[in-house]
Amino acid sequence: MVEFEFTPEQRDLRAVAREFCTERFAGPEVRRLVETPDGFDREVWRRLGRDVGLLGLALPEELGGAGAGLVDLALVAEEFGRAVAPAPLVGTVALAATALRLAGDDGTAEELLPAIAEGEAVVALAATDDRGAWAPAQPTVRATRTDSGWRLTGEQAHVLDGAAADAVLVLATTETGTGLFAVDGAADGLTREPLSVLDLTRRLARLRYADVPARAVGEPGQAATAVAGARDVAAVVLAAEAVGGAQRLLDMSVEYARTRLQFGRAIGSFQAVKHRCADMLVDVEHARSVAYHAAWAQDAGTDDPRVAADLATTVTAEAYLRVAKNTVQVHGGIGFTWEHPTHLYYKRAVGDAALLGGRAAAAERLAAAVLDGPALGGVA
Amino acid sequence: MVEFEFTPEQRDLRAVAREFCTERFAGPEVRRLVETPDGFDREVWRRLGRDVGLLGLALPEELGGAGAGLVDLALVAEEFGRAVAPAPLVGTVALAATALRLAGDDGTAEELLPAIAEGEAVVALAATDDRGAWAPAQPTVRATRTDSGWRLTGEQAHVLDGAAADAVLVLATTETGTGLFAVDGAADGLTREPLSVLDLTRRLARLRYADVPARAVGEPGQAATAVAGARDVAAVVLAAEAVGGAQRLLDMSVEYARTRLQFGRAIGSFQAVKHRCADMLVDVEHARSVAYHAAWAQDAGTDDPRVAADLATTVTAEAYLRVAKNTVQVHGGIGFTWEHPTHLYYKRAVGDAALLGGRAAAAERLAAAVLDGPALGGVA
Amino acid sequence: MTDRDRVVETARSVVAEHPPATTPQRAFLGACFDAGLAWVHFPEGFGGLGVAPGLQAVADGILQGAGGPNPFWLNPMGYGMAGPTVMAHASRELAAQLLRPDYVCDEIWCQLFSEPGAGSDLAGLATRAVRDGDTWVVTGQKVWTSNAHKARRALLLARTDPDQPKHRGLTYFVLDMTDPGVEVRPLRQMTGEAEFNEVYLREARIPDAHRLGEVGQGWHVAMTTLMNERTAIGGGSSVRGSGSIGTALRLWRERPDLRTPALRERLVHLFARADAARLTGDRQRAEAGERIGPEGSIGKLVGAELNQDVHEWCMDALGVEATLYSGYEPRPDGSPPPVEGEDRQRMFLRSRANTIEGGTSEVLRTILGERLLGLPGDLRADTGRPWSEVPRG
Amino acid sequence: MTDRDRVVETARSVVAEHPPATTPQRAFLGACFDAGLAWVHFPEGFGGLGVAPGLQAVADGILQGAGGPNPFWLNPMGYGMAGPTVMAHASRELAAQLLRPDYVCDEIWCQLFSEPGAGSDLAGLATRAVRDGDTWVVTGQKVWTSNAHKARRALLLARTDPDQPKHRGLTYFVLDMTDPGVEVRPLRQMTGEAEFNEVYLREARIPDAHRLGEVGQGWHVAMTTLMNERTAIGGGSSVRGSGSIGTALRLWRERPDLRTPALRERLVHLFARADAARLTGDRQRAEAGERIGPEGSIGKLVGAELNQDVHEWCMDALGVEATLYSGYEPRPDGSPPPVEGEDRQRMFLRSRANTIEGGTSEVLRTILGERLLGLPGDLRADTGRPWSEVPRG
């Protein structure tokens with residue numbers, strides 16, 4: 001695996017993903033979906049899993065997956081990002097499936113992962129506290145062992161795909177530490193309140209647990225590792241989505257600048273617009289490099305995977321935001337309207353920057369790794 | 001005194017200062033002076049004091065001054081800054097004279113201030129420690145009282161005008177606290193090592209005191225107040241100089257952009273250059289506003305003088321640096337040469353940003369005032 | 001008695017005779033107009049006293065200080081732009097007819113300038129006005145119109161001669177928005193609400209008497225309006241910590257839990273920039289009197305970019321809370337839903353338009369470069385060519 | 001045997017037969033040249049083996065890994081630019097004459113392109129070359145010439161037909177710098193030293209045989225040279241933390257006393273940008289092979305601005321120490337005085353030129369916009385007009 005060199009199979013995979021997204025997540029369809037309660041289409045999701053096989057890419061073959069790596073998943077994510085596709089890819093495929101895979105619980109994994117790969121099960125990873133903070137040291141849900149099994153009590157905010165999920169994987173406090181628990185989406189005592197979100201393509205919910213029956217998943221000691229690993233995978237998926245989104249915005253901006261005339265000439269012939277587009281290109285190229293690198297770092301060990309993931313978050317989050325802002329500016333008033341697709345990407349960029357602890361936390365971890373610790377490989 | 005409205009007398013004063021600077025600090029003369037050991041011309045300095053009367057502007061009339069305020073001094077400083085004049089205005093007139101005025105020692109003030117106003121005495125305020133840090137809580141020079149008077153021992157770095165000064169006002173540690181002491185520039189035991197400086201228009205020296213005879217100036221309790229007050233005045237003078245320098249750079253850039261042809265047209269007709277010049281204009285205008293405001297705040301109480309001074313440092317330092325960088329870029333290669341005046345301004349901007357504790361410390365004090373304390377007047 | 005004394009005395013007697021607390025708004029404003037305090041520099045009988053424009057602030061201080069309404073907020077286009085344009089360019093009869101209803105807010109005004117094909121290049125607009133005897137027949141599409149759904153009258157710029165170079169073929173009109181040829185459609189924006197409108201003109205009719213300025217002189221008249229607009233937008237406040245920076249400072253004070261050293265560092269520099277902009281506005285007003293020329297574009301340019309940076313800071317400070325939104329569904333009147341406290345996410349989204357509306361930052365930088373610094377103009381594809389022959393799209 | 005194997009074997013045998021540690025530099029380089037390892041993609045006999053250019057890195061790895069000299073550092077213009085240009089455009093005889101002395105550093109090269117009146121607008125240059133039988137007589141002034149005082153040969157671009165549009169009237173030559181018509185003057189820069197020169201040409205003579213390419217085709221030939229230059233400047237390193245960011249990281253590690261939260265925050269973002277740029281270079285090389293097209297301009301653009309930002313960070317970190325300087329007096333050879341550790345103040349001043357030299361950032365952004373993104377060109381004042389009629393100054 002040479003870094004940055006895709007195999008022919010990977011190129012085919014990208015083509016399949018792009019074709020699917022072009023067909024199923026065209027602009028009008030995305031605008032329709034974001035105004036629906038769930039925010040995505042179950043049937044399309046099933047087709048992605050069952051028919052196209054994109055949801056189990058990175059899962060082991062024995063669990064219904066394709067046994068491919070994160071590079072493959074990143075390629076698919078890039079196409080999802082390009083279409084700003086509203087679908088539980090990050091919540092279910094990146095976060096929940098990875099946590100399940102790493103939790104060390106073969107039984108639950110064998111039950112849920114094939115269903116995820118088939119697009120049958122939407123699963124959420126609820127690893128926030130009651131204010132939405134990611135992976136708290138002290139989870140605000142408490143798990144208690146009773147005669148009839150585990151029971152959960154407490155509250156979590158900002159759970160990605162939490163309202164639509166068929167099952168929720170909950171990070172909770174036990175007497176012996178932090179553990180993961182599986183809860184049925186329809187369980188008694190579970191109430192799910194969809195939050196009014198800025199980015200309508202990613203739905204968040206507040207979950208309240210009032211003595212909710214739950215099943216322990218894996219050993220308590222594994223929970224933190226599973227959640228951290230899920231975040232690293234999701235960071236790569238988010239970064240790849242950002243690359244696709246930013247590239248799409250750049251393409252739109254260039255097309256508009258080429259064809260929109262003011263003062264009798266294409267606005268892209270003015271240096272102010274042209275140089276802005278050049279800066280967008282730099283952002284997109286940098287974002288692409290760090291996102292791919294983070295995928296290869298996990299698959300092929302070309303770098304410390306966590307450093308690469310934090311680098312990817314830091315660079316892509318800023319690049320996506322800046323490209324989105326520049327896209328509005330290049331388009332002028334039309335780019336500020338509801339009818340134009342730009343705002344969907346812009347809000348996606350804003351929302352992503354705050355997910356999984358947010359970009360500030362990623363930069364802080366990167367600083368700790370690069371500046372505080374012993375010198376990194378190659379860093380003087 | 002209405003803020004931002006100059007009196008006719010002040011306009012005349014500006015004209016006098018500009019005429020003097022245009023005549024005495026023309027480009028070739030500045031380039032000649034910066035290659036001399038002292039870095040300035042004593043005779044020109046005497047004329048400024050004795051004949052033109054610009055050095056005692058802000059001093060009380062009974063001490064040979066004009067009894068005018070900081071607004072007047074700022075106007076003069078702006079013209080000095082425009083010419084990037086190498087002269088001990090900041091060190092002697094702003095820092096040393098203010099410290100002398102505030103130290104509560106009429107005798108020393110009556111002896112030195114008239115000489116400063118006349119341009120006869122160059123006086124340095126040595127208020128750094130041995131690493132150049134401004135106004136240390138523990139000065140690294142120690143003052144000891146002996147039978148034959150006070151003696152100083154220790155070392156100070158980065159003393160502005162320290163090598164050329166006829167007298168040095170030294171911040172030193174005594175048994176009862178921090179005090180100011182006057183030392184003759186030719187005193188036994190004082191060695192002065194000119195430092196190799198980035199900004200050749202402002203000379204710094206390392207002073208070493210080996211049992212140097214000194215005279216106590218004012219009460220020990222006054223020293224910190226006197227040094228802080230001197231800094232506030234000097235901050236305004238530096239800010240006003242930055243305004244003049246930045247304005248001159250903008251004028252040069254605009255002139256070059258109007259007349260330099262590439263691709264068969266004036267480069268200023270290209271948006272990349274034009275918009276860069278527009279940004280420089282914004283910087284200059286902002287710098288001017290905060291610099292004048294800081295002067296008025298001290299003279300007329302239109303704002304907390306320290307907040308206004310720190311605001312002025314924060315804004316003008318950044319503006320001057322950015323304008324200087326943009327000036328090099330607009331001029332292209334020629335702006336990078338030794339022969340072109342731009343580098344003198346650029347280095348001035350860089351040096352100023354580190355003087356008197358530096359712009360980072362000013363921003364920190366501003367943050368403490370605006371963000372940490374109770375709400376400022378008008379600040380919600 | 002000085003002009004200032006006269007303004008003070010007049011304002012005091014209006015307040016005394018029509019106490020704002022007990023006088024209906026319309027009656028109070030009518031009394032102000034009749035006393036010459038609407039636009040003090042207008043002639044007597046037209047809402048003014050024929051004194052210097054700088055004295056308006058004196059009158060407003062007394063009237064609004066006593067609790068009187070602010071006509072600029074009630075009818076921004078009418079008070080800030082239509083009034084001065086009508087006074088400068090309409091016939092005396094037309095001015096007499098229009099100014100009082102404008103000031104007392106019987107008639108809300110809007111501005112029909114921008115078009116889908118004419119944004120930065122306003123003078124390239126395509127809406128046609130064709131003469132038909134004593135009336136003009138207008139057809140075209142306008143956009144980015146605030147208050148069009150509430151407006152009785154509009155300032156309209158239309159093309160009357162496509163064969164002239166673009167600036168020379170325009171004429172300026174006052175349009176009756178109740179004309180059957182006018183259709184107003186709300187334009188939903190990324191914040192969810194519909195602050196602006198599209199306005200379709202299909203053979204709308206305007207009497208020639210409602211033309212402002214000569215035929216073909218519309219650009220010149222429009223400059224009166226636009227200068228008033230940019231100064232109004234960019235004028236800024238002279239109160240430290242008001243405006244968007246105040247929103248950020250309040251968040252910093254109210255939410256110690258959100259504070260980090262990085263946010264603190266950014267905020268103090270935003271504060272410094274905001275305060276420098278504020279002081280620059282003060283200084284410009286002190287130096288130029290009340291009328292600010294093209295240097296007013298500095299305030300608009302800086303204010304727009306600063307707003308965006310400040311609101312980005314707020315979003316970064318809010319962290320995960322930034323992902324929430326108070327709702328995209330516009331209410332029937334097009335306004336956003338009410339929220340407790342400050343709706344910072346909405347302000348953040350809204351600020352994205354600041355660098356576009358009322359002159360893009362690109363256009364403003366060009367104005368600063370050319371008009372204030374005297375840099376040469378760009379090469380042009382349209383100068384001197386008949387508008388009809390200049391490529392559009 | 002594959003080409004790669006052949007390169008490996010050849011390089012190993014050169015190293016074995018001429019151990020770098022004991023072989024004089026000139027002899028070692030001569031052996032490399034004769035073995036075809038100078039420019040491996042050149043034909044045999046011309047310093048090459050006729051293999052793919054990507055294999056140069058394989059050869060260099062072995063040669064320099066064994067302690068051999070890096071010809072690019074010894075003779076940058078000669079190795080990086082003159083070699084490929086000569087090979088592509090000179091006659092076989094001329095190439096045979098020039099390449100070996102170039103590679104073994106008997107002859108240092110410089111580039112005479114820029115002029116006081118032709119910076120960004122290189123094709124507008126005014127240096128005239130007039131034919132006189134079998135020689136050309138050249139008069140004009142060049143500037144920003146590195147190594148001119150040490151150079152034996154120069155790549156020269158001169159105008160041979162002022163009545164053609166500017167790109168079409170240029171011809172490319174190899175100039176002998178020992179010609180009596182050549183005067184080299186050091187050009188002192190803001191750092192104090194004189195890294196560059198001005199070169200005055202007063203009826204300098206060049207045999208027609210030293211022309212590269214056809215008369216009037218000079219621009220086309222120059223593009224070969226310039227593409228090699230930008231790629232060389234912007235290519236960057238694939239080692240994390242090398243280059244200017246390494247200077248900053250070392251300062252951070254070595255001087256805990258300077259650390260503040262604000263500096264830390266800035267530094268980690270500079271690191272992220274530097275690492276993104278590094279990875280982008282790696283990715284471009286992986287995607288494009290060794291030859292990078294206009295996308296190489298991304299690396300040059302980013303690298304220049306990043307250098308400046310990193311060195312500004314260093315100055316801010318140094319605080320009051322930033323006001324010191326190691327000295328402005330150039331040494332006799334034009335180089336700066338030696339200092340202990342890293343001369344960060346000098347690097348800071350030097351970085352100011354990064355966004356100008358080798359293509360200004362403005363020109364590079366235009367290249368990215370037009371060549372990579374396909375945006376339309378600016379309106380032009382010079383296209384199609386005879387050079388002699390285009391305003392200059």
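Chain letters run A, B, ... following the sequence lines, proteins first, then strands; residues in each count from 1.
- Rounded to the nearest 0.5 angstrom, B:His340 NE2 and D:Met190 CE are separated by 10.0 Å.
- Each of D:Gly124, D:Ala353, D:Gly192 has some count of heavy-atom pairs under 4.5 Å with chain B, and the biggest count is that of D:Ala353.
- The contact between B:Leu200 and chain D is made entirely by side chain atoms (from C-beta outward), counting heavy-atom distances below 4.5 Å.
- Ranked by heavy-atom pairs under 4.5 Å with chain D, the first of B:Ala157, B:Gly333, B:Gly332, B:Ser269 is B:Gly333.
- In terms of heavy-atom proximity, D:Asp382 sits nearest to B:Phe263 at OD2-CA, 3.4 Å.
- Within the 4.5 angstrom heavy-atom criterion, only backbone atoms of B:Thr259 (N, CA, C, O) approach chain D.
- For the pair D:Tyr328 and B:Val197, the minimum side-chain heavy-atom distance is 4.5 Å or more.
- Looking at D:Glu362, its side chain never comes within 3.5 Å of a backbone N or O of B:Val273 through a donor-acceptor pair.
- Looking at D:Glu389, there are no atoms closer than 4.5 Å to chain B (heavy atoms on both sides), in backbone or side chain.
- Contact of D:Ala118 with chain B is made through the backbone alone, with heavy-atom distances under 4.5 Å.
- Listed options B:Glu35, B:His343, B:Lys325 were ranked by heavy-atom pairs under 4.5 angstrom with chain D; first place goes to B:Lys325.
- Annotation: maximal heavy-atom pairing with chain B below 4.5 Å, among D:Gly117, D:Ala194, D:Ala322, occurs at D:Gly117.
- Residues D:Thr323 and B:Arg202 fail the side-chain proximity criterion, which asks for heavy atoms closer than 4.5 Å.
- Few gaps surround CZ on D:Arg259; more than 12 heavy atoms of other groups in view lie less than 6.0 Å from it.
- The heavy-atom pair separating D:Arg352 from B:Tyr346 by the smallest distance is NH1-OH, 3.1 Å.
- Applying the side-chain hydrogen bond (donor to acceptor under 3.5 Å, both in side chains) definition to pairs two or more places apart or across chains, none involves residues 127-139 of chain B.
- Annotation: residues 350-365 of chain B contacts chain D through B:Val350, B:Gly351, B:Ala354, B:Arg359 [non-hydrogen atoms, separation under 4.5 Å].
- Neither the backbone nor the side chain of B:Gln271 comes within less than 4.5 Å of any heavy atom of chain D.
- Of the listed residues (B:Ala272, B:Ala266, B:Gly132, B:Ala133), the greatest number of heavy-atom pairs within a distance under 4.5 Å of chain D belongs to B:Gly132.
- Of the possible donor and acceptor atoms, none in the side chain of B:Gln262 sits under 3.5 Å from a partner among the backbone N and O of D:Arg392.
- Remark: the backbone N or O of B:Leu195 is not paired with any side-chain donor or acceptor of D:Tyr325 at under 3.5 angstrom.
- Nearest heavy-atom pair across B:Ser196 and D:Gly327 is OG-N, 3.8 Å.
- Using a 4.5 Å heavy-atom cut-off against chain B, the contacting residues of residues 338-349 of chain D are D:Gln345, D:Phe348, D:Leu349.
- Side-chain contact check for B:Phe336 versus D:Arg350: some heavy-atom pair is nearer than 4.5 Å.
- Taking chain B as the reference chain and counting heavy-atom pairs below 4.5 Å, the highest number among D:Ala123, D:Gly319, D:Ser326, D:Ser120 is found for D:Ser120.
- Contact count versus chain B (heavy atoms, under 4.5 Å) is highest, among D:Val390, D:Ile356, D:Thr383, for D:Ile356.
- Heavy atoms of D:Leu324 lying under 4.5 Å from chain B belong to its backbone as well as its side chain.
- D:Val143 places none of its side-chain heavy atoms less than 4.5 Å from the side chain of B:Ile334.
- For D:His220, the NE2 atom counts as loosely surrounded, since its 6.0 Å shell holds 12 or fewer non-hydrogen atoms of other residues, nucleotides or ligands.
- Proximity to chain B is absent for every atom of D:Thr366, based on heavy atoms less than 4.5 angstrom apart.
- In this structure, no portion of D:Asn354 lies under 4.5 Å from any heavy atom of chain B.
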* To do: Just do the side-chain contact (heavy atoms from CB on, under 4.5 Å) check on D:Asp378 and B:Arg265 with the steps written out, would you?
  => CA-CA 12 Å; D:Asp378 205 342; B:Arg265 49 193 279 203; 3.8 Å; yes
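- Near-neighbour residues of residues 301-317 of chain D relative to chain B, defined by a heavy atom under 4.5 Å from a heavy atom of that chain, comprise D:Glu312, D:Met315, D:Asp316.
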